[in-house]
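Here's the structure, in C-alpha cells; my notes come after.
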Amino acid sequence: QVQLQESGPGLVKPSQTISLTCTVSGASITTNSYIWTWIRQPSGKGPEWIGYITYYGNTTVSPSLRSRASISRDTSKNQFTLYLTSATPEDTAKYYCVGETRNDQRNGFTSWGQGSQVIVSS
C-alpha cells in the first residue's frame with residue numbers, strides 16, 4: 001500500500017519560498033511507471049494541479065506556475081519536494097502530494113497524502 005505524507009512550514013511570509021516535502025512509503029519513487037504529483041486546493045475552491053516528477057526524474061509544471069514552481073527528489077530518502085517561490089496570499093491552500101502509475105490512474109487507485117495547509121501571510 002502506497003502512503004504519502006506531506007511536511008513543511010504551515011506559515012510562509014509573502015515573497016518567501018514555500019517548501020513542501022512528500023515522504024513516500026510502500027513504493028519506491030523510482031519504480032517503473034510512477035508519477036509523483038503536487039496538487040493544491042484553496043479553501044472553497046477546486047483543486048489545482050501544480051506539477052509532477054516521474055519515476056525517472058523528469059518534471060512537468062503547470063504553465064500558470066512554471067515561472068515559480070519546481071519539483072525535485074531525493075531518491076535516497078524516497079522523497080520529492082515542491083518549491084514555490086515568491087509566495088503571495090493567493091498561494092494559501094491545502095497542498096497534497098499524489099502518487100500513481102498509469103494503471104493506478106486507469107483503475108482509480110491513485111494515492112493521496114492527507115494534505116498540508118499552507119498560509120501565506122505577514
Side-chain angles (χ1 to χ4, degrees):
Q1 183 182 59
V2 177
Q3 297 183 87
L4 302 92
Q5 176 67 61
E6 304 91 344
S7 62
L11 181 62
V12 177
K13 295 184 182 298
S15 82
Q16 293 188 330
T17 297
I18 297 170
S19 300
L20 292 167
T21 294
C22 183
T23 300
V24 179
S25 62
S28 171
I29 62 173
T30 65
T31 296
N32 186 40
S33 298
Y34 270 102
I35 60 171
W36 306 96
T37 299
W38 285 101
I39 294 170
R40 68 180 182 181
Q41 185 167 200
S43 180
K45 299 182 179 180
E48 177 186 14
W49 177 77
I50 299 171
Y52 64 80
I53 186 165
T54 70
Y55 69 99
Y56 52 87
N58 191 39
T59 59
T60 301
V61 175
S62 170
S64 66
L65 296 170
R66 193 159 292 160
S67 66
R68 298 195 294 124
S70 63
I71 301 171
S72 62
R73 66 178 183 171
D74 185 337
T75 58
S76 69
K77 297 180 179 180
N78 215 39
Q79 296 175 330
F80 62 103
T81 299
L82 169 68
Y83 299 98
L84 186 61
T85 65
S86 302
T88 74
E90 292 183 352
D91 294 315
T92 295
K94 195 165 188 178
Y95 287 73
Y96 298 89
C97 55
V98 179
E100 63 183 0
T101 66
R102 289 174 180 172
N103 283 340
D104 290 337
Q105 190 278 327
R106 185 180 302 115
N107 294 297
F109 296 145
T110 300
S111 298
W112 288 66
Q114 65 184 17
S116 180
Q117 181 67 49
V118 176
I119 298 173
V120 181
S121 176
S122 60

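Reckoned from all heavy atoms, side chains included, excluding hydrogens, waters and symmetry mates.
The shortest heavy-atom contact between L20 and G8 is CD2-CA, 4.0 Å. Scanning all heavy atoms of the two residues, the minimum distance from T37 to I39 falls at CG2-CG1, 3.9 Å. When every heavy atom of W36 is checked against every heavy atom of S28, the shortest pair comes out as CZ2-O, 3.8 Å. Here the shortest heavy-atom pairing between S72 and I53 reads C-CD1, 4.1 Å. The shortest heavy-atom contact between E6 and Y96 is OE2-CA, 3.2 Å. Across all their heavy atoms, S19 and P9 have their closest contact at O-CD, 3.6 Å.
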Worked check of side chain to side chain donor-acceptor pair (under 3.5 Å) between T85 and T17: CA-CA 4 Å; T85 65; T17 297; 5.4 Å; no

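Counting heavy atoms from C-beta outward, T110 and V98 have side chains that approach closer than 4.5 Å. The shortest side-chain heavy-atom distance between L65 and E48 falls under the 4.5 Å cut-off. Side chains of T59 and R73 form no contact here, defined as non-hydrogen atoms less than 4.5 Å apart.
With values rounded to the nearest 0.5 angstrom, I29 atom CD1 is found 8.0 Å from Q79 atom CD. Atoms CG and OH, from N103 and Y34 in turn, are 10.0 Å apart once rounded to the nearest 0.5 Å.
Between the side chain of R102 and the backbone N or O of I35, no donor-acceptor pair lies under 3.5 Å. Checking side-chain atoms of R66 against main-chain N and O of V61 turns up a donor-acceptor pair under 3.5 Å. Side-chain atoms of N78 never come within 3.5 Å of backbone atoms of T23 as a donor-acceptor pair (strictly under, hydrogens ignored). In terms of modelled atom types and a separation under 3.5 Å, the side chain of R68 and the main chain of L84 share no donor-acceptor contact. Q117 contributes a side-chain N or O that, together with a main-chain N or O of A93, makes up a donor-acceptor pair within less than 3.5 Å.
The only member of L11, V12, T92 that meets side-chain contact (heavy atoms from CB on, under 4.5 Å) when paired with S121 is L11.
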